[in-house]
Amino acid sequence: MNPATLTRTSAFEWRIEPTGNMRVPGVIYATEALIQAMDERVRDQVVNVACLPGIVSASYAMPDAHWGYGFPIGGVAAFDAEEGGVVSAGGVGFDISCGVRCLRTGLQRAELEPLKERLAETLYHRVPVGVGSHGPIHLDDKQMEAMLTGGAQWAVERGWGSRDDLRFIEAQGRITGARADAVSAKAKKRQRNEMGTLGSGNHYLEVQEVGELYDREAARAFGLAEHEVVVFIHCGSRGLGHQIGTEYLKSMATSARQHGIELPDRELACAPLRSDTGQAYLGAMRAASNCALANRQIITHFAREVFAELFPAADLELLYDVSHNTCKLEEHSLNGERKKLFVHRKGATRAFGPGHPDLPEEYRAVGQPVLIGGSMGTASHVLAGNADPRVPSFASACHGAGRAMSRRQAHRNWQGRQLLEELREQGIIVRSPSAKGVAEEAPHAYKDVDAVVDGAEEAGLARKVAKLKPLVCIKG
DNA sequence: ATGTTC
């Protein structure tokens with residue numbers, strides 16, 4: 001993106017003043033280098049979102065923003081139901097409640113190294129991966145309804161994990177207001193055999209070593225020490241969330257027309273929060289969020305079984321689980337007033353600052369863990385949320401490196417098998433059913449995650465705590 | 001992201 005087309009308001013804040021149908025400004029948080037690397041279409045999408053009814057404050061983009069369906073990936077926008085605000089399926093994304101969880105293992109990298117190959121092999125066979133992957137769990141209609149309303153709490157009650165896990169999950173592992181009746185039979189059918197599966201694309205389970213620490217106090221609070229091993233799990237609501245997104249995009253196009261909402265882009269289909277379609281979507285989206293939370297909880301259980309077999313001393317404790325594709329009703333300050341707002345975060349992570357009452361007490365002094373997944377073979381990061389008044393973007397931060405090129409382009413540039421060999425030379429074992437998928441996820445098909453994280457920190461969105469280096473990656 | 005095209 002050409003920086004000259006934006007108004008620079010600080011070293012890390014770029015604005016688009018309202019013109020035409022924009023109701024609020026656009027704001028992009030990034031360094032100049034990240035702006036230059038950003039797709040031109042991000043600006044158009046930030047502008048389009050700023051035109052939607054009931055949007056408050058500004059249409060925001062995080063440092064890793066790239067072009068997406070309707071909303072940019074890395075987009076944050078909040079809506080006020082009292083001001084005719086809307087909810088948009090494209091503002092959440094197809095992979096509803098896609099997110100990351102991080103587990104400590106209590107192991108040192110040196111203990112893991114001799115068994116690394118076996119660990120990769122065993123994890124690959126225990127955790128189903130790939131397009132259309134099915135697992136050993138099959139839900140009937142009644143169990144499906146319990147899962148969609150119970151989330152990770154349901155999974156723990158079924159024996160997949162412990163009650164202690166729940167304190168370290170966004171919303172204590174269960175999103176309230178879920179409506180199984182707002183989820184179609186087709187969506188439920190698609191999910192029947194997909195619980196505890198990773199899926200494909202950029203989803204993965206990665207075993208990592210804690211590298212550099214940047215904030216020792218926060219690292220201590222999060223239980224992270226150098227050379228210790230952690231597990232990162234990145235996945236979402238599988239076929240169920242995708243089906244819900246597809247169906248509600250259609251009904252929202254109708255709803256927007258009926259309510260006289262002028263859409264700058266048909267991909268921005270939305271429904272008033274105070275409408276039957278808007279309420280049904282919120283209920284279905286929350287059900288999909290519970291599906292994603294239960295899914296990550298079950299995968300955690302599989303990972304614990306594998307580590308217990310190979311490393312009797314291991315104890316996989318949940319550090320945190322947070323979504324980066326969702327719409328949440330949250331209370332935020334707006335012009336000095338506390339307001340309940342519907343915050344869309346699409347490819348953006350919630351990042352509550354120190355003192356937030358929703359955080360577990362262990363983390364309250366330092367802020368929410370913000371889990372940033374890198375691309376395959378590169379680093380991941382743990383950050384801590386800020387409460388910085390310079391960035392009024394509803395306590396949000398970036399979610400990953402962000403793609404630098406399309407899947408098609410990546411597929412042209414790299415060969416899966418060769419990438420796997422190169423990574424192995426670096427001591428990183430990748431197991432995947434798809435050579436094409438590996439090529440599409442090539443490390444250089446993404447932006448430099450370190451630069452994105454530095455940009456997020458410099459802008460004041462979150463503080464760097466620890467860098468994580470990959471050892472074993474199970475890839476969809 | 002996705003039973004990678006209803």
What's the closest nucleotide to the A:Lys250 side chain, out of B:dT2, B:dC6, B:dT4? B:dC6
Atom [atom1] of [X] and atom [atom2] of [N]: how far apart are they, to the nearest Å?
X: A:Glu441; N: B:dT2; atom1: CD; atom2: P; result: 11 Å
X: A:Arg238; N: B:dT4; atom1: CZ; atom2: P; result: 12 Å
X: A:Arg408; N: B:dT4; atom1: CZ; atom2: P; result: 16 Å
X: A:Tyr248; N: B:dT2; atom1: OH; atom2: C1'; result: 18 Å
X: A:Phe94; N: B:dT5; atom1: CZ; atom2: P; result: 13 Å
X: A:His242; N: B:dC6; atom1: NE2; atom2: P; result: 9 Å
X: A:Glu247; N: B:dT2; atom1: CD; atom2: P; result: 16 Å
X: A:Ile244; N: B:dT2; atom1: CD1; atom2: P; result: 14 Å

Classify the nucleic acid contact of [X] as base, sugar-phosphate or nothing, counting any heavy atom under 4.0 Å across all strands shown.
X: A:Lys189; result: nothing
X: A:Thr246; result: nothing
X: A:Glu194; result: sugar-phosphate
X: A:Gly239; result: sugar-phosphate
X: A:Arg407; result: sugar-phosphate
X: A:Gly201; result: sugar-phosphate

Between A:Phe79 and A:Phe342, is the ring centroid distance below 6.0 Å? no
When the ring planes of A:Phe352 and A:His332 are compared, do they come out parallel, tilted or perpendicular, using 30° and 60° as the limits? tilted
In terms of the angle between their ring planes, are A:Tyr69 and A:Phe94 parallel, tilted or perpendicular, with boundaries placed at 30° and 60°? perpendicular
Does OP1 or OP2 of B:dT4 have a side-chain N or O of A:Ser200 closer than 4.0 Å? no
Student check: side-chain heavy atoms of A:Ile73 and A:Trp67 closer than 4.5 Å: no
Verdict with supporting geometry, A:Arg345 and A:Glu330, salt bridge (charged side-chain N to carboxylate O under 4.0 Å, His left out): CA-CA 12 Å; A:Arg345 294 189 187 89; A:Glu330 294 171 2; 2.9 Å; yes
